[in-house]
Amino acid sequence: MTHPTPHRVIYDTDPGVDDAMALYYALAHPNIEVLGVTTSFGNVTVEQAAVNALYLLAIAGRGEIVVTQGVAAPLVKRGEAPPDHIHGADGLGNLPQRQATPTQLDARSSAQFIVDMARQHPGDITVVAVGPLGNLAMALAIEPQLPRLLRKVVTMGGAVLEPGNVSPVAEANIWNDPHAADIVFTAGFNLTMVGLDVTHQVILPVSLFAQIAQHHQHPATDTLHHAVAFYANFYSGLYPHVAAIHGCFGHDVLAFVALTNPELFSTETGRVRVAVDGLAQGQTMLRRKSIDYPQSGWGPEVPDTQVCIQVQAPACKALIERTLMGAWLGA
Ligand code: BDR
Ligand code: CA
């Protein structure tokens, strides 16, 4: 299904290999207009996230897109060292070299940029947030009306039925800032959660990115191929069924797929809360509508989230391939 007018998106990200994949899907997709890229700590430091966002845009010939630097640490808990072994020390699979690119950050914080854009275009903008959720939490502190000013938020994070990937119950983005996540899940956004329940169903082989690089013969797709190969080594070392195709999970790109092609997902709608401390820190919990749980914290003041539960994986893979193979890169 196509959207009649492009989805006008602010991409909130911590690039990160799958973040890079998602960025290029967004740039390549005819129904997505990327208005800005807001960065946060997570897969790398926020400084490196901003450098990577600028670099990925510049080599794709999209250096005109605004990039801002955002939160450097979780709102409450202590930050942790970035996972070099998953995304590389540089976040892009340890690139052997980088082209010199003219890069300039917007002076505003990521939160301020989100607020400014939402105020200028009320009801029009979607935030696709694929890192820890501190920038959105800070934006809410600046502008409490943000849930009404944004069209939608789609976030990659959390898990309802699937085990976690940093603890038995916590997914990395939520784990990295559980307090921010709980603020975002209870703020009243038109919110879709794309968590491990669906991202663990979509395994993308390195060979797909080799084909894309071969097809385009372009620094942007060469960079993505290099990064994905590094990332796939990590996932292939962890899961035999991923190793079988030398692949990786597409995580963040699925947030954009859920935006452009929601018909590929089935969702369950209900109140989601985040465990902010203790053994379950970072767990996302979905309250089933059928049971009237008596505990506090689950009342009607908690807004609903649409939680992606199932996904048509082959159709997602085909869509990602078709989109990235399209004519989205200049010479
Ligand atoms: C999420 O955590 C990060 O490592 C990835 O970029 C993705 O956003 C997956 O748990
Ligand atoms: Ca990410």
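Counting convention: from 1, in listed order, for ligands and their atoms alike.
- Near ligand 1, Asp18, Asp19, Asn43, His87, Val130, Met156, Asn165, Glu171, Ala172, Asn173, His251, Asp252 each place a heavy atom less than 4.0 angstrom from the ligand.
- A side-chain donor from one of Tyr25 and Thr260 sits under 3.5 Å from a side-chain acceptor of the other.
- Residues satisfying the side chain to side chain donor-acceptor pair (under 3.5 Å) test with Ser40, not counting sequence neighbours, are none.
- Protein atoms of type N/O/S that fall under 3.0 Å from the Ca ion (ligand 2) number 5 in this view.
- Only one option out of Thr199, Thr192, Leu254, Leu264 pairs with Cys308 in a side-chain contact (heavy atoms from CB on, under 4.5 Å); it is Thr192.
- Residue pairs meeting the side chain to side chain donor-acceptor pair (under 3.5 Å) criterion with at least one partner in residues 152-165, sequence neighbours excluded, are Glu162-His200.
- A distance of 13.0 Å separates NE2 of His246 from CG of Leu204, quoted to the nearest 0.5 Å.
- To the nearest 0.5 angstrom, Asp19 atom CG is 4.5 Å from Asp14 atom CG.
- Atom CD of Glu64 has more than 12 heavy atoms from other residues, nucleotides or ligands within 6.0 Å.
- Applying the 6.0 Å contact sphere to CG of Leu279 captures no more than 12 heavy atoms from other residues, nucleotides or ligands.
- Relative orientation of the Tyr24 and Trp328 rings is tilted, given thresholds of 30° and 60° on the angle between their planes.
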